[in-house]
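In what follows, a structure is listed as structure tokens, so that the remarks can point back to it.
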Amino acid sequence: MSTLRQRLFSRLSGSRFRTTSQGATQRKTVTFGDGSAVSSKVLISVASVLVLLVIWWAATHKWGLPDGFAEQAERADRTESPEGRFSETKLVRACKADPDCSYSQLFNHRTLPSPVNVLKAVNELSTDGWRQNTLQAHTWASLERVLIGLLLGVAVGVPIGLAMGLSSVLKSLFDPIVEGFRPIPPLAFVPLLIIWFGIGETSKVTLLFFAALWIMIIGARSGVLSVQLSKVHAAYSLGASRPQVLTRVILPNALPEILTAVRVSLGVCWGTLVAAEIVAATEGLGFMIWDAQKKLRMDVVVVGIIVIGVMGVLLDLVMRKLETLLIPWRGKG
Amino acid sequence: MSVVNDETANLSVSALGMVYEVPNGEPVEALNDVSFSLEQGRLLTLLGPSGCGKTTLLNILAGFLAPTSGTVTLGGSPITGPSQERGMVFQQGALFEWLRVSDNISFGPRMNGQRKRVSKPLVDQLLATVGLAGFDDKRVYELSGGMQQRVALARCLANDPKIILMDEPLGALDALTREKMQGLVLELWQNTGKTVVLVTHSVEEALYLGDQLFVMAPRPGRIERSYELPFAKIGLSTSPRELKASPEFIEKREEVLSLIWEMEEQIMGHEDGR
Ligand SMILES: Nc1ncnc2c1ncn2[C@@H]1O[C@H](COP(=O)(O)OP(=O)(O)OP(=O)(O)O)[C@@H](O)[C@H]1O
Ligand SMILES: [Mg+2]
């Protein structure tokens, strides 16, 4: 825990308090063009996010006064109504309460909701939900599909990839299939899948399976091909049998590339899923944003987009963490 | 060269030939009519210019390559594939970086069904032998190059092979580490009485470690000259620096060097002529 805090601290405080290796950067005179001298300054990144939020807020904020306000105020002035001041406030308040009252704003709530509206929508979605399902339920529905599809893709793709890297017959057998199917965007299969499996879970999981399968096959195969021959030779002359060479040498050697393929698959599946849910679904984040758009609920759409992005980043972070945990030897062979 | 035909010889190589078929090119004759016998307990070093077939010969002995002609037998039975009776030490990168040092060393015994717990005393003993006592829990990539080669030696010894084959085992080490490791190789050889075939690029190393030395020549790869050497046997009782500075050693070194230079010049001439 303390290390996390230390790391956080040193990151927040920029490069000034970094330890030895980064300290060396401080003494470099050539930094423009030296990629390793380009570090991340968290404060600047935080600032850029804040600027983005401010722009969003400014573009959707109800600036100035409602249209026709000037004339109304003038009229009120001329008649010297005792309620002149009061009606001014009332006018503004009434207009602000009415979402359709025209203001000088870049986007109105029908084109882009304000940050505040989005926060309100988050609250509404997580308690009342959208179409009988809360935001959490939609997210989980999407995540579940991705994980099942990915798992199937790994379970089928890794053995095929390994086999292709180990046997000429199997390589020749699978090569045309893999190379033929790989360039086809998985979404192209959606019409077929819907005819075969309907719009239920099966069609979507199958779609994700296809999205992950080719990536996993290619990752596992290149993992096998990257095994140094001397390691395989060493294992055989230490008395290992073929199955032992496969499980004790080739598999651990291919693991880094397999995990990289899993990470890539996860990203591709996540992107494919949202599109698939837009096409046909009754729950899930993709369904939610598409359905909300039909009902002109842009705030719900934006919530969905943000959740999709955040989940994508989180999944990638989890995979990175897994990689450092499972394969500490990566790149050190 | 003189072929010693000894009945008790352990390793026997006769009329060995190896031709690599190169797609869209002339076949490469990596070995041509190589014959020799090696008695058990000898240390043979192979020296020669790049491309003279040293690695090819070693790979055939290990059983990774099948020769195009000729036979190789160990203790009378022909070599047909890799086996744990022939241990191999590579130049570098052949350790399993996903395993800890102890698991690398016990790899051979464990492949034969031995439990980790059972091989532990052996691992500890071997680690002490190669001077790495207490390093069993380290990751391979946390060790220096010299330490990694010590682990590779220990891993090879764990299987108690009949013969140890080494392809430039010290080639990637710095001069000082290399000299220390030469001492270790000598020590292991004398203490275990194993037959060793060691490939090297260093004339000094070949003379210091080998009690027999083959200088090989390229195109086609063959044994140009064979030397019986006295230095390995006295290597441990004398200081290595003193031995390497002795007149006998220097004389042999210059002789072998000039032989190799001659060959290199022939190669250069050959290549210029094309
Ligand atoms: N797989 C291969 N295919 C074709 N030719 C090969 C192959 N392996 C080696 N050769 C050729 O055979 C010859 C001997 O190669 P080898 O690797 O045995 O030489 P070496 O003595 O070990 O050289 P070095 O000292 O550089 O390691 C070389 O001419 C090389 O080009
Ligand atoms: Mg070689």
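Within every chain, numbering begins at 1; the chains are lettered A, B, ... in the order of the sequence lines, protein sequences first and strands thereafter.
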- prompt: Does anything in residues 118-136 of chain B get under 4.5 Å of chain A by heavy atoms, and if so which residues?
  reply: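 If one takes a 4.5 Å heavy-atom cut-off, no residue of residues 118-136 of chain B lies near chain A.
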Hey, what do you get for [atom1] ([X]) to [atom2] ([Y]), rounding to the nearest 0.5 Å?
| X | Y | atom1 | atom2 | result |
| --- | --- | --- | --- | --- |
| B:I105 | A:L238 | CD1 | CG | 11.5 Å |
| A:W329 | B:R100 | CH2 | CZ | 11.0 Å |
| B:F64 | A:Y236 | CZ | OH | 10.5 Å |

task: Give, as side chain, backbone, both or neither, the part of A:V232 having an atom under 4.5 angstrom from any heavy atom of chain B.
output: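 Neither part.
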Closest contact, heavy atoms only, [X] versus [Y]:
| X | Y | result |
| --- | --- | --- |
| A:S237 | B:P82 | N-CB, 4.3 Å |
| A:A234 | B:A94 | CB-O, 4.1 Å |
| A:H233 | B:F90 | CB-CZ, 3.6 Å |

field: Toward chain A, the part of B:L165 with a non-hydrogen atom under 4.5 Å
entry: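 No part of B:L165 comes within 4.5 Å of chain A.
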message: Under 4.5 Å from any heavy atom of chain A, what part of B:R86 do you find: side chain, backbone, both or neither?
response: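 Interface part for B:R86: backbone (N, CA, C, O).
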- request: Using modelled atom types only, decide if a donor and an acceptor are shared between the side chain of B:W98 and the backbone of A:R248 within a distance under 3.5 Å.
  value: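 Here the side-chain-to-backbone pair exists.
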task: Name the member of B:R155, B:Q91, B:R110, B:Q92 that forms the most heavy-atom pairs with chain A at distances under 4.5 Å.
output: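 With the most close heavy-atom pairs to chain A, the winner is B:R155.
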